[in-house]
2 protein chains.
Amino acid sequence: MKRKELILYLQKIFQQHHLSKNHSLICAQYLVKSELIGAKSHGLSRLKMYCDRIKKGVINPKPKIKVKKLTSSIFHINADNSIGFVAADIGIQCAIKSAQKNGMGLVAIKKSGHYGLSSFYAEQAVKKNLIVFCFTNAPPALAPYGAKRSLFGTNPICFGAPTGKVPFIFDASASIINRGKIRIAEKFGLKIPKGVALNKNGKITTNARQALLGTQLPIAGYKGSGLAWMVDILSGILTGSSHTGKTRDPFEDFSGPQNVGHLFLTINPRIFPKNNFIKEMKKSIKIVKKLPKAKGFSSILFPGERKNKIYKDNLNKDISIPSKIQKEMKALNVIK
Amino acid sequence: MKRKELILYLQKIFQQHHLSKNHSLICAQYLVKSELIGAKSHGLSRLKMYCDRIKKGVINPKPKIKVKKLTSSIFHINADNSIGFVAADIGIQCAIKSAQKNGMGLVAIKKSGHYGLSSFYAEQAVKKNLIVFCFTNAPPALAPYGAKRSLFGTNPICFGAPTGKVPFIFDASASIINRGKIRIAEKFGLKIPKGVALNKNGKITTNARQALLGTQLPIAGYKGSGLAWMVDILSGILTGSSHTGKTRDPFEDFSGPQNVGHLFLTINPRIFPKNNFIKEMKKSIKIVKKLPKAKGFSSILFPGERKNKIYKDNLNKDISIPSKIQKEMKALNVIK
């Protein structure tokens, strides 16, 4: 399906699920963007989950999102159990405006839900020549260092900076692989790599279902565990959202809203006098790219560069949709 | 030697190296603190290096440190090639005051030097019940992902949050082990663990000298490399300091000042209405500690807890000083 056609199709589905026309468009665009950058685990494979949550009353399709200004640069948003995309979209716009006006912005969002990829929001700030951090928490997937049961989410750290051209966007989870990839493997009956997850009994598993029921392994032991906890503090505790294992799994727990938290921080580098931020970023990238390459590498990429290329390559191509997901979409489209 | 006696002794040495009485005390206290928390790689083993840099004119013992207020919450400090401890001490006080007054503080420091451990500064903010990030860059030690030559520093991420009691302080480098540990191994002729560093030819080495001449391995491949680059952007590029391989090695390069950058960010959680930050932090720690333990663990610690205990245990004990370092100290003490 063509990109624009798919966006309209998804928008229609979200409208059928009682989201406003504008909110539906926001959700449709983010889902299609996931497909275009090759992050299928955050794209159409999640559509049914979002719709199911709306139907079961655990995502509010008509949220009254309240933005509270606490200082000239600090904002607190109550997302009223909105779908994550919509709350995060409002939040990042607020953080961008604040940094443009006051050099910095901090936006804490509570009572939200899964918002797709952090890089979506980081990119918007970077395109306005801002530095940005995006933090969000997620349902239990990682065991804290020293424990044998999952508690923290894969809780990504996302950081963006302008380069004058392709955004520098580092977006990495605290787990060895993304949970979304394990979900995709489960959905299509594929195996996961060895050494990235344990089953319920603490044994290494390559079975996606067993991994989801067990625990994923953090990067670098206590370091990955500490990073996941840090992100939970910033996006969960500081925002007033769920934290420390209380965030509901969107696919499996329909007993209430997720109450996910997000925290966006923006900094305007031009606030510093004589700052040649973009010029120095270009220099930095140039120096790195000129280094002698390690075995197996023909070029060195900066964070975000690969996904940007995939996006551009896919932008005007047909988006292929697996038949399993096509069926889901058709089923969702009949609702009046 | 007793703690207080050692502080006075070191203060005297720094004064003999033309630092003011107050600046000498700051440096002495931070060096002794490193010893007390068991981070010997950042303690007395670095004294000679700092003094050598002063003698060779690449640390300015009488810096004119300028603090520029850019907005109500953003500050830019030119450290005038001060020893890192002093500039960072001024910087964190500034960030603390700003967060107490305006909810948030951002302090960018340029023309500074190695400042010891980020956790020293984080702890001060946390003790005022603030959330804090401390970033600093360092000389080349890590190869960017895809390259075979060191360029980024081990560039730690340091994050702190109040718990009502022992500070939660996550302080981890982007490398598998700290460079300071390799330096200590070199100083005392010890081997380093396998798999943490490569020699100049890209082969795994357990020889500390070869590792220092070669490259350290980042945590989790591209993730560690990306985190190191992120810290370099925040503390190097944004502050207007050296970056991307230009930070001089304090032990080996006396051709000019290091021009290290630091970035401190503070957030006051009480700015958010109805925020029970400390109560929720306590809850979070309690939940984690109650989890079933992994094999080999009798308890689960939160970041910073172990070092805090070591510090308290050592506080009133004699600090043992290896004879090699005692000799260095005596030699430094004769300068008039």
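To find a chain, count down the sequence lines: A is the first, B the second, and so on, and within it residues start at 1.
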Can you tell me if NZ on B:K293 sees more than 12 non-hydrogen neighbours from other groups inside 6.0 Å? yes
Smallest separation among heavy atoms of B:T239 and B:G261, with atom names: OG1-CA, 3.9 Å
Check whether A:I271 gets within reach of chain B through its side chain, its backbone, both or neither, counting any heavy atom under 4.5 Å. both
I'd like to know which of A:A147, A:A108, A:G202, A:P144 tops the heavy-atom pair count under 4.5 Å against chain B. A:A147
Tightest non-hydrogen contact, residues B:I109 and B:S241, listed as O-OG, 3.6 Å
Could you tell me if the ring centre of B:F159 sits under 6.0 Å from that of B:F133? yes
Turns out that what part of A:F152 lies under 4.5 Å from chain B's heavy atoms comes down to side chain
Most contact-rich option vs chain B, by heavy-atom pairs under 4.5 angstrom, among A:K289, A:K283, A:E280, is A:E280
Where is the tightest heavy-atom contact between A:L301 and A:E305, given as atom of each residue plus distance? CA-OE1, 3.1 Å
Taking B:L151, B:I176, B:N276 one by one, which has the highest count of heavy-atom pairs under 4.5 Å against chain A? B:L151
So what's closer than 4.5 Å to chain A heavy atoms on B:F168: side chain, backbone, both or neither? side chain
Taking every non-hydrogen atom, the tightest pair across A:N259 and A:G240: ND2-O, 4.4 Å
Interatomic distance, B:S150 atom OG to B:Q216 atom CD [nearest 0.5 angstrom]: 7.5 Å
Please look at B:N275 and chain A and tell me whether the side chain, the backbone, both or neither of the residue comes under 4.5 angstrom of a heavy atom of that chain. side chain
Crowding at NZ, B:K111 (>12 non-hydrogen neighbours, <6.0 Å): no
The complete set of salt bridge (charged side-chain N to carboxylate O under 4.0 Å, His left out) pairs with one or both residues in residues 146-175 of chain A, sequence neighbours excluded, reads none
Under 4.5 Å, counting heavy-atom pairs only, tell me which of A:G146, A:S298, A:P269 racks up the most with chain B. A:G146
Max heavy-atom pairs within cutoff under 4.5 Å with chain A, candidates B:G245, B:P273, B:A143, goes to B:P273
What pairs with B:K309 under salt bridge (charged side-chain N to carboxylate O under 4.0 Å, His left out), at least two apart in sequence or on another chain? B:D313
Side-chain atoms of residues 221-237 of chain B: list all donor-acceptor pairs with protein atoms under 3.5 Å, sequence neighbours left out, distances to 0.1 Å.
{"residue": "B:K223", "atom": "NZ", "partner": "A:S173", "partner atom": "O", "Å": "3.0"}
{"residue": "B:K223", "atom": "NZ", "partner": "A:S173", "partner atom": "OG", "Å": "3.3"}
{"residue": "B:K223", "atom": "NZ", "partner": "A:S175", "partner atom": "O", "Å": "2.6"}
{"residue": "B:S225", "atom": "OG", "partner": "B:Y145", "partner atom": "N", "Å": "2.9"}
{"residue": "B:W229", "atom": "NE1", "partner": "A:S284", "partner atom": "OG", "Å": "3.0"}
{"residue": "B:D232", "atom": "OD1", "partner": "B:N137", "partner atom": "ND2", "Å": "3.0"}
{"residue": "B:D232", "atom": "OD2", "partner": "B:T244", "partner atom": "N", "Å": "2.6"}
{"residue": "B:S235", "atom": "OG", "partner": "B:N137", "partner atom": "N", "Å": "3.1"}
{"residue": "B:S235", "atom": "OG", "partner": "B:V231", "partner atom": "O", "Å": "2.6"}

Can you tell which part of B:L238 gets under 4.5 Å to a heavy atom of chain A, answering side chain, backbone, both or neither? both
Minimum heavy-atom distance A:V166-A:G304, with the two atoms named: CG1-O, 4.4 Å
Less than 4.5 Å to any heavy atom of chain A: does that hold for the side chain of B:L265, its backbone, both, or neither? side chain
Tell me, side chain or backbone of B:F277 under 4.5 Å from chain A's heavy atoms, or both, or neither? both
Determine which residues belonging to residues 67-75 of chain A lie within contact range of chain B, meaning some heavy atom pair is under 4.5 Å apart, and list them by number or answer 'none'. A:K68, A:L70, A:T71, A:S73, A:I74, A:F75
Pick one of side chain, backbone, both or neither for B:I131, based on which atoms fall under 4.5 Å of a heavy atom in chain A. side chain
